[in-house]
Amino acid sequence: MSVKVSLKGDIKEFDKGTSVAEIAKSIGAGLYKAACAGKVNGNVVDLRTPITEDCQLEILTFSEEEGKKAYWHTASHVLAQAVKRLFPEAKLAIGPAIDNGFYYDIDLSRPLTQEDMPKIEAEIKKIIKEGLSIERFELPANEAMELMKEQNQTYKVELIAEHASNGEAISFYKQGEFTDLCAGPHLMSTANLKAIRLTSATAAYWRGDAKNKALQRIYGIAFPKTSELEEYLERIEEAKKRDHNLLGRQLGYFTTVDYIGQGLPILLPNGARVIQLLSRFVEDEEQRRGWQLTKTPYMAKSDLYKISGHWDHYQDGMFVLGNPEKDDEVFALRPMTCPFQYQAYLSKPRSYRDLPLRYNETSTLFRNEASGEMHGLIRVRQFTLSEGHLMCTPQQLEDEFKNCLDLVIYMLNTLGLYEDVSYRFSQWDPENREKYIGTQEQWNEAQGTMERILKDLDIPYVIGVGEAAFYGPKLDVQIKNVHGKEDTLITIQIDQMLAEKFGMEYVDADGTKKHPYIIHRSSIGCYERTLALLLEKYAGALPTWLMPEQVRVLPISDRLIDQAKKVEAKLSISGVRVTCDTRSEKIGYKIREAQLEKIPYMLVIGDKEVEEGTVSVRSRKDGDLGSMLVAEFLAKIQQEIVTKAK
RNA sequence: GCUACUAUGGCUCAGAUGGUAGAGCAGCUGAUUCGUAAUCAGCAGGUCGCCGGUUCGAGUCCGGCUAGUAGCUCCA
């Protein structure tokens, strides 16, 4: 009995039951050694999988995404094995491959510290050297349960219990003395691993629930070549140099003060300037697109939040002024603008002719984040959001949603961040009903509408179950910081619940009263976070139109200060943000400082320039551009500013 | 909130085993007047995050708090 296997176009015959690994071996020893997993008719399989029928087969190596995952998954098992050897009492939880390496969550008698890492790494190297072959076996659920109970692996027992109901056998992988519950796939031997580095050890809750026990999570990364590992680590180090939390402080964008408090950054002149530029740009663009600016209070009585549902669903996140138990009147700082802008809608009776009604606001919000959440400018307790709420009829919803998305994409393109974002369709979690308002039907309808729109626009997205707002589904624009941590930059939400709660209505053409659909949306996100990501994206060298200081005039000697000042004045009067470095320093020194501050253009003024009425232009990215007339330079930089060139 | 780490002049960092603070850069003063990433010299600057404890003596050891960092949880 033989099977026909199509390998990259070639069809080869093998005995029925030949494993993927053996097929790889028949192609070449090199491929066999590099093989991480197989792909049969598009499905990723373990190398040990027997081929029992004609199929398309691909051998996956580390260069393929799924191959990498198998490689890292095996690395996580070796990590667990090493920890087990050093801490025999360790209980294993889960150890998956992730986008950048792998981790293993382990219950240990004590937390790990940085000193433990080299010891674990040394043990890992030993295990790799031992070249333990990795074997797969299956057990019926009850026997699997017994095996894990014997080893006192309570977390595994819990996992098996969940799988037991579907009647399938439970698979294990064994290498040397170490056996782990695992679906695979895995490499054939620990010897196939090469360069492993443990990157950090932190705590992580069992099953990601803060109510559960905190386990020790060890993160690591692995590569088939030492040089690749070194390159990776170097890349990480380079990325960290772009960290806004470092650059933003160094370059005078923001600072923090311990006695002001966590998550309450001071925006220094540079930071405040960029945010001013961004918000002007946003408000102008929104006006062009039919949005009307409102300015609403920063706080309200609890009564308002009781109507909106924030009091019941968001109180932990709010700064409440006063004691709800004792005081007659309790206020709270606003965590969102929605209920305030709705009052503008409610200020008079509305007709379908008024819709769509678009309100925008540059709105400062206050959210009482848990103390461990704050991070530079990315996660703070007071921030300013480019916010808006749009009231429309069901017929208008789709077009208006698309318009909102178009605005978002326009903003992202202008900032140069479009290529760095991904979309997340954030849905509710029906298992967790108490977190949300509204009925199953309302959620199905709102989510169905959003899904239809996204499909129609052909937007690629991932689904985030349980990521919805308490009042409706969201389309979140996600972005990663230099550490690879993902955050929401911008969001567009569909809400059909709050209009009803607030009694927002419009009189339709047929004379009946109806509740409008509401779109909650941001256009450029919150300014602090967007600034942070811009600083990281451009390593501090923001596009010229956004730079707090666009030009610095550098006289070569004190004799030329007057002339330099004239150039400064000429540019300044034309709206260019320019300064003049009048210190008695050498030109090389002045240039070095301007360069380190990422000033887009340095204008060197010497005798020659004064004589010719020119300036010697140096760009931060292209160096010396030679000399040109002041008017020429002005035209050049104005062009760059108007087009918002990146 | 949880786990780990960190906190020394404006910034970056030294200060084994507890004996009363040191450098570079920045700043100030003077000299230098210079052509595309650091001119030279001098001066000044710190109750070592805060509170408490141990000790004859604490930057150093212990506890608490505050803030910062990474991760978890939570979220724009």
Side-chain angles (χ1 to χ4, degrees), chain A residues 103 105 108 110-117 199-219 240 243 245-246 249-250 255-264 314 316-317 335-336 363 365 367-376 378-381 383-387 426 466-467 469 474 476-479 483-485 487-491 493 520 522 524-530 554-561 584-596 602-609 616-620 623-627:
Chain A
Y103 68 78
D105 283 351
L108 284 170
R110 66 167 174 88
L112 293 170
T113 68
Q114 215 46 49
E115 285 90 75
D116 294 310
M117 306 298 261
T199 48
S200 66
T202 67
Y205 300 106
W206 166 236
R207 318 219 105 172
D209 188 334
K211 288 195 276 291
N212 289 339
K213 183 165 186 188
L215 309 172
Q216 297 300 308
R217 175 172 297 180
I218 305 171
Y219 283 94
K240 283 184 185 160
D243 190 339
N245 216 344
L246 205 76
R249 290 170 196 270
Q250 271 169 9
T255 187
T256 50
V257 179
D258 58 359
Y259 43 82
I260 286 182
Q262 280 189 307
L264 299 168
Y314 205 82
D316 285 349
M336 296 162 188
S363 93
L365 305 177
R367 296 188 188 176
N368 194 4
E369 303 290 351
S371 66
E373 307 304 337
M374 264 61 77
H375 171 70
I378 286 183
R379 196 75 184 275
V380 292
R381 281 181 168 153
F383 57 93
T384 299
L385 187 65
S386 56
E387 201 166 11
S426 297
E467 302 286 353
K474 309 191 287 178
D476 292 323
V477 176
Q478 303 291 105
I479 192 160
H483 298 286
K485 186 179 164 84
D487 269 301
T488 301
L489 187 66
I490 300 170
T491 177
Q493 312 166 357
H520 304 235
S522 177
I524 209 173
C526 97
Y527 290 100
E528 292 82 353
R529 182 176 286 184
T530 302
L554 311 175
I556 282 177
S557 88
D558 292 355
R559 269 187 304 109
L560 300 159
I561 288 178
S584 304
E585 295 290 350
K586 290 171 76 170
I587 193 67
Y589 183 81
K590 294 183 183 180
I591 286 172
R592 179 185 153 79
E593 290 213 331
Q595 193 77 44
L596 289 174
M602 291 147 268
L603 302 183
V604 177
I605 310 286
D607 288 320
K608 188 165 76 83
E609 286 74 18
S616 180
V617 181
R618 183 188 163 97
S619 126
R620 67 181 171 194
D624 194 349
L625 299 182
S627 62

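All chains are named by letter (A, B, ...) in the order of the sequence lines, taking the proteins before the strands, and each is independently numbered beginning at 1. None of these values were measured; they are calculated from a predicted model.
Remark: B:C2 base-pairs with B:G71; criterion is Watson-Crick or G-U wobble with both hydrogen-bond distances under 3.5 Å. Base-pair partner of B:C50: B:G64 (Watson-Crick or G-U wobble, both distances under 3.5 Å). The partner of B:G30 is B:C40, judged by Watson-Crick or G-U wobble contacts that both fall below 3.5 Å. Using N1 to N3 plus N6-O4 or O6-N4 for Watson-Crick, or N1-O2 and O6-N3 for G-U wobble, each under 3.5 Å, B:A16 pairs with nothing. Across all strands shown, B:G35 has no partner, as no Watson-Crick or G-U wobble contact with both distances under 3.5 Å is found. Across the strands present, B:G24 finds its partner in B:C11; the criterion is a Watson-Crick or G-U wobble pair with both atom distances under 3.5 angstrom. If you check B:A58 for Watson-Crick or wobble pairing at under 3.5 angstrom, you find it has no partner at all.
Contact annotation: A:Thr202 side-chain N/O to B:A70 OP1/OP2 distance is not under 4.0 Å. Residue A:Arg559 places at least one side-chain N or O under 4.0 Å from the OP1 or OP2 atom of B:C34. Note on A:Lys474: a side-chain N or O is less than 4.0 Å away from OP1 or OP2 of B:A76. Contact between the side-chain N/O atoms of A:Arg379 and the OP1/OP2 oxygens of B:C74 is not found at any separation under 4.0 Å. Between A:Lys590 and B:A38 there is no side-chain N or O to OP1 or OP2 distance below 4.0 Å. Within the 4.0 Å cut-off from OP1 or OP2 of B:G71, not a single side-chain nitrogen or oxygen of A:His483 is found.
Nucleotides B:A14 and B:C48 have their C1' atoms positioned 13 Å apart, rounded to a whole Å. Across B:G15 and B:G49, the matching P atoms stand 15 Å from one another, rounded to whole Å. Taking atom P in both B:G57 and B:G64, the straight-line distance is 23 Å, to the nearest Å. When the P atom is compared between B:A58 and B:U20, the two are found 12 Å apart, to the nearest whole Å. B:U6 sits 14 Å from B:C13 when the P atoms are compared, rounded to a whole Å. Comparing the same atom, C1', in B:G18 and in B:A76 gives a spacing of 49 Å after rounding to whole Å. Spacing between B:G22 and B:C43 at atom P, rounded to whole Å, works out to 15 Å. For the P atom pair drawn from B:A70 and B:A26, the interatomic distance equals 29 Å after rounding to whole Å.
Using a 4.0 Å heavy-atom criterion, one finds that A:Gly525 contacts no nucleic acid atom at all. Residue-level contact check: A:Gly376 touches the backbone only, with heavy atoms under 4.0 Å from sugar-phosphate atoms and none from bases. Nucleic acid contact class of A:Ile591 (heavy atoms, under 4.0 Å, all strands): base. Base engagement by A:Ser371 is indicated by at least one non-hydrogen atom pair under 4.0 Å involving a base atom. Residue contacts shown for A:Asp316 are absent, as no nucleic acid heavy atom lies under 4.0 Å away. Within the nucleic acid shown, A:Gly208 comes within 4.0 Å of sugar-phosphate atoms alone, with no base atom in reach, counting heavy atoms only. Counting any heavy atom pair closer than 4.0 Å across all strands shown, A:Arg367 reaches a base atom. If you check every strand for non-hydrogen atoms under 4.0 Å, A:Glu585 touches a base. No engagement by A:Tyr103 is indicated, since no non-hydrogen atom pair under 4.0 Å with the nucleic acid exists. Among the atoms of the strands shown, base atoms are found under 4.0 Å from some heavy atom of A:Ala370. Across all strands shown, A:Arg618 has heavy atoms under 4.0 Å from base atoms, whether or not it also approaches the sugar-phosphate. Residue-level contact check: A:Tyr589 touches the backbone only, with heavy atoms under 4.0 Å from sugar-phosphate atoms and none from bases. Within the 4.0 angstrom heavy-atom criterion, base atoms lie near A:Ser584. Using a 4.0 Å heavy-atom distance criterion, A:Val257 is classed as making no nucleic acid contact.
Residues A:Arg379 and A:Arg529 share a closest heavy-atom pair of CD-NH2, 3.6 Å. Of all the heavy atoms in A:Leu246 and A:Lys240, the pair that sits closest is CD2-O, 4.1 Å.
The side-chain heavy atoms of A:Met117 and A:Ile218, taken from C-beta on, include a pair separated by under 4.5 Å.
With hydrogens and angles disregarded, a donor-acceptor distance shorter than 3.5 Å links the side chain of A:Glu528 to the backbone of A:Thr384.
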Criterion side chain to side chain donor-acceptor pair (under 3.5 Å) on A:Ser522 and A:Glu387, from CA distance to verdict: CA-CA 5 Å; A:Ser522 177; A:Glu387 201 166 11; over 6 Å; no

Verdict with reasoning, A:Arg249 to A:Thr256, per side-chain contact (heavy atoms from CB on, under 4.5 Å): CA-CA 9 Å; A:Arg249 290 170 196 270; A:Thr256 50; 2.9 Å; yes

Verdict with reasoning, A:Gln262 to A:Glu369, per side-chain contact (heavy atoms from CB on, under 4.5 Å): CA-CA 9 Å; A:Gln262 280 189 307; A:Glu369 303 290 351; over 6 Å; no

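The base of B:A26 does not come close enough to the side chain of A:Glu593 for any donor and acceptor atom to sit less than 3.5 Å apart. In this model, no side-chain donor or acceptor of A:Gln262 finds a partner on the base of B:U66 within 3.5 Å. Counting atom types as modelled, A:Tyr205 pairs no side-chain N or O with a base atom of B:G71 as donor and acceptor under 3.5 Å. Taking only distance into account, the side chain of A:Glu609 meets the base of B:G35 through a donor-acceptor pair shorter than 3.5 Å.
If you take NE2 of A:His375 and C1' of B:A70, they are 10 Å apart, rounded to a whole angstrom. Counting to the nearest Å, the P atom of B:A4 and the OH atom of A:Tyr219 are 16 Å from each other.
The aromatic ring of A:Phe383 stacks onto the base of B:A76, its centre lying under 5.5 Å from the centre of the six-membered base ring with the two planes under 30° apart.
Considering A:Ile605, A:Val604, A:Asp607 in turn, A:Val604 is the only one that fulfils the side-chain contact (heavy atoms from CB on, under 4.5 Å) rule with A:Ile556.
The side chain of A:Asp258 lies closest to B:G49, out of B:G71, B:G49, B:G35.
In summary, A:Arg207 and A:Asp209 do not engage in a salt bridge, as defined by a charged side-chain N under 4.0 Å from a carboxylate O.
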